[in-house]
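Notes to accompany the following structure.
When a ligand or atom number is given, it counts from 1 through the structure's own listing order.
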Amino acid sequence: MSIADEVRRIASELPSGVKLVAVSKFHPVEKLMQAYDAGQRLFGESRVQELAQKVGAMPSDVQWHFIGHLQTNKVRQLVPHVHLIHSVDSLKLLQCINKEAARIDRVVDVLLQVHVAQEVEKFGFAIDELEALANEGQLAAMPNVRVVGLMAMATNTDDEAEIRKEFTEAHRAFEYLKQGCYRNNAEFCELSMGMSDDYHLAIAEGSTMVRIGTTIFGIREY
Ligand SMILES: *Cc1c(COP(=O)(O)O)cnc(C)c1O
């Protein structure tokens with residue numbers, strides 16, 4: 001199927017309220033434009049430099065989502081362009097985004113990444129760590145970041161029960177915060193989870209945003 005057909009097919013299958021982020025990392029602008037011409041506006045990138053280059057080459061109504069591991073020394077370059085950072089995995093990074101956003105007088109939307117996978121090399125806050133930070137009020141004190149939800153990645157496995165369990169855990173953490181320290185913040189409403197191989201499971205477990213690359217654009221050549 002062509003890129004345009006895949007975008008239309010997935011978009012038409014998603015339940016209402018679930019957004020599609022087309023993960024375009026490592027793919028050239030010509031491919032992104034095929035998705036754009038099929039109506040796609042949310043694009044996900046995992047490297048700051050690549051995102052910044054694509055911003056200049058794509059129409060201005062694209063929403064750029066940053067989904068990769070973010071180093072504090074790259075935040076300044078990212079902040080002017082980004083619509084939503086999915087992958088905030090430390091308090092230090094959140095503070096850095098707040099500072100850089102303040103410098104250019106912006107408020108940047110972010111998701112906090114929760115670690116639910118079995119793989120130790122995956123990033124993110126442990127759920128109890130996140131709940132402690134929230135309860136201590138540490139997440140509330142930054143005026144130039146707006147925490148609009150959580151992001152999670154499941155273990156890369158064929159074991160559906162395991163994937164489902166991890167998405168359920170992420171959903172539970174999301175509800176805990178939503179009903180706890182974010183109960184008066186209607187903007188805390190996004191749960192980003194689900195990739196090409198597991199997005200159906202993620203939606204069944206409460207995802208509001210899926211990040212799909214390979215199914216749309218094909219295999220990446222690194
Ligand atoms: C690359 C990536 C995706 C997309 O993965 P596919 O399997 O190609 O759909 C989604 N989320 C994150 C965080 C990624 O790094």
Side-chain angles (χ1 to χ4, degrees), residues 1-11 13-14 18-28 31-32 34-35 38 40-52 54 62-71 74-75 78 82-90 93 97 109-125 148-160 162-164 166-167 169-171 173-174 190-222:
M1 228 188 271
S2 71
I3 289 173
D5 287 342
E6 283 293 359
V7 162
R8 288 195 205 94
R9 180 186 66 81
I10 296 168
E13 278 179 15
L14 293 180
V18 179
K19 300 186 192 78
L20 171 60
V21 179
V23 175
S24 50
K25 60 188 185 194
F26 296 93
H27 292 292
K31 285 189 164 186
L32 277 66
Q34 292 174 37
Q40 183 63 29
R41 293 295 179 272
L42 283 57
F43 288 84
E45 291 286 336
S46 61
R47 297 184 301 178
V48 172
Q49 188 136 7
E50 184 176 348
L51 184 150
K54 286 175 173 171
V62 166
Q63 284 184 11
W64 294 99
H65 291 237
F66 191 81
I67 62 169
H69 179 58
L70 180 57
Q71 288 166 332
K74 299 284 171 64
V75 170
L78 178 65
V82 76
H83 180 81
L84 177 62
I85 302 174
H86 289 231
S87 42
V88 174
D89 56 8
S90 71
L93 178 59
I97 296 167
D109 284 356
V110 304
L111 303 175
L112 303 174
Q113 182 170 356
V114 285
H115 187 279
V116 290
Q118 288 173 329
E119 294 122 318
V120 288
E121 67 271 20
K122 288 227 164 94
F123 294 100
F125 293 95
V148 299
L150 301 184
M151 184 272 242
M153 279 171 93
T155 303
N156 187 8
T157 173
D158 293 333
D159 182 353
E160 275 200 13
E162 175 62 30
I163 295 171
R164 202 181 273 279
E166 293 171 3
F167 285 150
E169 275 175 47
H171 188 221
F174 172 70
E190 301 291 359
L191 181 56
S192 166
M193 54 186 199
M195 312 182 8
S196 289
D197 288 337
D198 59 19
Y199 74 92
H200 292 104
L201 291 172
I203 290 168
E205 301 301 328
S207 172
T208 67
M209 213 177 248
V210 292
R211 311 176 307 267
I212 301 181
T214 308
T215 301
I216 296 172
F217 296 108
I219 304 284
R220 289 177 286 276
E221 285 171 37
Y222 291 99

**Message:** Does either side chain, that of T155 or that of E166, offer a donor lying less than 3.5 Å from an acceptor on the other one?
**Reply:** yes
Can S2 and Q34 be counted as having a side-chain donor-acceptor contact under 3.5 angstrom? no
Checklist line | Ion pair E205/R164, N-O distance below 4.0 Å | finding: yes
**Message:** Please evaluate residues Y199 and V18 with respect to the criterion side-chain contact (heavy atoms from CB on, under 4.5 Å), reporting the C-alpha separation (whole Å), side-chain torsions for both, the decisive distance (0.1 Å), and the verdict.
**Reply:** CA-CA 11 Å; Y199 74 92; V18 179; over 6 Å; no
Practice problem: Take the angle between the ring planes of H69 and F123 and call it parallel below 30°, perpendicular above 60°, tilted in between. | Solution: parallel
Near ligand 1 (heavy atom, under 4.0 angstrom), the protein residues are V23, K25, I67, M153, M195, S196, R211, I212, G213, T214, R220
Hits for ring-ring contact (aromatic ring centres under 6.0 Å, His included) against H27, two or more places apart or cross-chain, chain-then-number order -> F217
